[in-house]
Number of protein chains: 2
Amino acid sequence: MSLVLTLDPDDPTPPYEQLRRQLADLITAGQLGPGDRLPPLRQLAGDLGVAVGTVARTYRELELEGLLTSRRGGGTRVAAAGRARATDRRQLLRGMAADFVARARGLGFTDEEIIVALSRQLPS
Amino acid sequence: MSLVLTLDPDDPTPPYEQLRRQLADLITAGQLGPGDRLPPLRQLAGDLGVAVGTVARTYRELELEGLLTSRRGGGTRVAAAGRARATDRRQLLRGMAADFVARARGLGFTDEEIIVALSRQLPS
DNA sequence: TCCTTTGTGTCAAGCATTCGACACAAACGA
DNA sequence: TCGTTTGTGTCGAATGCTTGACACAAAGGA
């Protein structure tokens, strides 16, 4: 499994937060399943070019959310699903779709315009 | 015209940046047209509950991008369109749609799942 | 058992952001 | 003309994030 985690240096959003969002989405979407192991702090920090403490902060926050479990020497893994993952997965996509549509409408785009733009990206 | 600008206190993204993105989108989408006046620094700062300097930073950055023009005593207005707004408008939506689809695919959702989720939000 | 890996915690330093307040200059309106 | 509005700039203080380094504890592997 090759994790695709990236940081945008031009984004004023703090790196620990950029990383947290990506991992949270990957887990909720099921790309990372319960028990899956995440990269060690030092490795991920080295790959992304940030300090160890920054990645540690991301892992800590996700553990507080119940998405990860960490053990010294044992690494950091995706927590056993407390809730039904299938439901979360569906809700995540539904929320993403709703956000996208709401944002487009708020910018004055008509439903027709939105549909046209989407049909360029999706086979239908 | 009642601007809908909001700040999420829980979002670690700096307020000046949250505001900058919203205004940039509104302008590019054409919701705010050339010559339209924006709220005075002090008024917007008061409404959003932030310091004047924070809103000033947002206006300054947008002026550097060429989207706004500011004059002492004259207020801040949307700059005269340097480029064809119609094109920008279309490209903005196209980019938003592409980002949404790419993100969903990256999270492992199939095109079919994406279409189903969207059809719940859009009449078609 | 012993060494390595790994997460956790601390620390000081630097930097960016925000805040609140104030002063100033330019445009506007009566 | 004169007072108001408005953007700009500065200042010090506070807060939060990142960095780099270090030590420590727990788990795993040879």
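Labels below follow one simple rule: chain letters A, B, ... track the order of the sequence lines, proteins then strands, and each chain is numbered from 1.
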message = Can you measure B:Tyr16 atom OH to C:dT17 atom C1' for me and round it to whole angstrom units?
response = 8 Å
query = According to a 4.5 Å side-chain heavy-atom criterion applied to Ile, Leu, Val, Met, Phe, Trp and Tyr, with indirect links allowed, do B:Tyr16 and B:Leu41 form part of one hydrophobic cluster?
reply = no
query = What is the nucleic acid contact for B:Glu17, judged by heavy atoms within less than 4.0 Å: base, sugar-phosphate only, or nothing?
reply = nothing
ask   = For A:Arg77 and C:dT6, what is the distance between atoms CZ and P respectively, to the nearest whole Å?
value = 11 Å
ask   = Salt bridge check: are A:Arg21 and B:Asp11 linked by an N-O gap of less than 4.0 Å?
value = yes
DNA chain D: 5'-most and 3'-most nucleotides touching chain A, 4.0 angstrom heavy-atom criterion = D:dC17 to D:dG28
inquiry  = One pair to check against salt bridge (Lys or Arg N to Asp or Glu O under 4.0 Å): A:Glu63 and A:Arg60. What are the steps and the verdict?
reply    = CA-CA 5 Å; A:Glu63 188 172 12; A:Arg60 193 192 326 143; over 6 Å; no
ask   = Nearest-Å distance, CG (B:Leu41) to C1' (C:dC22)?
value = 15 Å
query = Would you call A:Arg90-B:Glu113 a salt bridge at under 4.0 Å N-O?
reply = no
Polar pairs (N or O, both sides) under 3.5 Å between protein and nucleotides 28-30 of chain C?
| unit_1 | atom_1 | unit_2 | atom_2 | d |
| --- | --- | --- | --- | --- |
| C:dC28 | OP1 | B:Arg71 | NH2 | 3.2 |

query = Does the B:Gln121 side chain pair with the main chain of B:Leu118, one donor and one acceptor, at a distance under 3.5 Å?
reply = no
ask   = Would you say the side-chain atoms of A:Thr28 pair up with the backbone N or O of A:Asp25, donor to acceptor, closer than 3.5 Å?
value = no
query = Could you state the interatomic distance from CZ (A:Arg103) to CG (B:Leu93), rounded to the nearest 0.5 Å?
reply = 10.0 Å
inquiry  = With a 4.0 Å limit, can you tell me whether B:Arg57 has a side-chain N or O closer than that to the phosphate oxygens OP1/OP2 of C:dA16?
reply    = no
query = B:Gln43 near the nucleic acid: base, sugar-phosphate alone, or nothing, with a heavy-atom cut-off under 4.0 Å?
reply = nothing
5' priority, DNA chain C, between A:Pro12 and A:Pro40 [closest heavy atom] = A:Pro40
task = Decide whether A:Phe109 and A:Val116 are clustered together by the hydrophobic rule: side chain heavy atoms of Ile, Leu, Val, Met, Phe, Trp, Tyr closer than 4.5 Å, transitively.
result = no
